[in-house]
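What follows is one structure encoded as structure tokens, with my remarks underneath.
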Amino acid sequence: MKATQTNPQRLYALVALIPSGQVATYGQLASILGWGPRLVGRHMSHCPEGLPWHRVVNASGDCSIPDGEGRLIQRQRLLAEGVPLTRGGRVNLRLALWSGL
DNA sequence: CGAATGACAATGT
DNA sequence: TACATTGCCATTC
């Protein structure tokens with residue numbers, strides 16, 4: 001049964017491959033999976049635990065997650081991994097964007 | 001089945 | 001840089 005191609009498992013595996021100190025954008029992951037950018041965000045909003053979701057940011061290099069604890073956690077974790085953040089908690093995609101490899 | 005929604009992106013102003 | 005508009009695909013009402 002083919003059900004749907006929106007196999008979140010593939011997205012989760014990809015996110016788990018993001019090396020420490022680097023980040024990926026939703027569009028980047030979406031492009032690799034061939035999905036619409038909204039699909040990535042949809043699955044990421046319900047991602048399982050143990051997944052480095054904090055390494056995933058939007059094309060602006062900002063955290064797309066809603067205001068709250070997660071927002072602070074993401075910023076703290078990225079800094080702890082050596083990801084350069086600019087003022088406002090924005091990520092320097094120029095220096096930390098995952099090449100995907 | 002149609003309209004609305006969502007952790008987005010690209011483009012124009 | 002910030003805001004507005006349009007396109008994207010699946011889920012929900």
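Only this structure's heavy atoms are used, side chains among them; waters, hydrogens and symmetry mates stay out. Naming: A, B, ... by sequence-line order, numbering from 1 per chain.
Residues satisfying the salt bridge (charged side-chain N to carboxylate O under 4.0 Å, His left out) test with A:Arg71, not counting sequence neighbours, are A:Asp62, A:Asp67.
Counting Ile, Leu, Val, Met, Phe, Trp and Tyr side chains that sit under 4.5 Å apart, directly or through other members, A:Val56 shares a hydrophobic cluster with A:Leu11, A:Tyr12, A:Leu14, A:Val15, A:Leu17, A:Ile18, A:Tyr26, A:Leu29, A:Ile32, A:Leu33, A:Trp35, A:Leu39, A:Val40, A:Met44, A:Leu51, A:Trp53, A:Ile65, A:Ile73, A:Trp98.
The CD1 atom of A:Ile65 sits 11 Å away from the P atom of B:dA7 (whole-angstrom rounding). For the pair A:Asp62 CG and B:dA9 C1', the computed distance is 14 Å after rounding to whole Å. Atom CH2 of A:Trp35 is separated from atom C1' of B:dG6 by 15 Å (rounded to the nearest Å). In this structure, CD1 of A:Ile18 is placed 19 Å from P of B:dA7, rounded to the nearest angstrom. We find that CG of A:Asn7 is positioned 17 Å from P of C:dC9, with the value rounded to whole Å. A:Asp67 has its CG atom 12 Å from the C1' atom of B:dA7, to the nearest Å. As a whole-Å value, the separation of A:Ile32 CD1 from B:dA9 P is 13 Å. Atoms CG (A:Leu11) and P (C:dA10) sit 14 Å apart, rounded to a whole Å.
With hydrogens and angles left out, the side chain of A:Tyr26 and the base of B:dA7 share a donor-acceptor pair within 3.5 Å.
Of the two residues near DNA chain B, A:Leu39 and A:Ala59, the one whose nearest nucleotide lies more 5' is A:Leu39. Looking at which nucleotide of DNA chain C each of A:Pro37 and A:Arg42 is closest to, the 5′-most match is held by A:Pro37.
A donor-acceptor pair shorter than 3.5 Å can be found between the side chains of A:His54 and A:Glu81.
Contacts of A:Arg90 with the nucleic acid, taken as non-hydrogen atoms under 4.0 Å apart, involve only primed sugar atoms and P, OP1 or OP2.
For the pair A:Pro8 and A:Arg42, the minimum side-chain heavy-atom distance is 4.5 Å or more.
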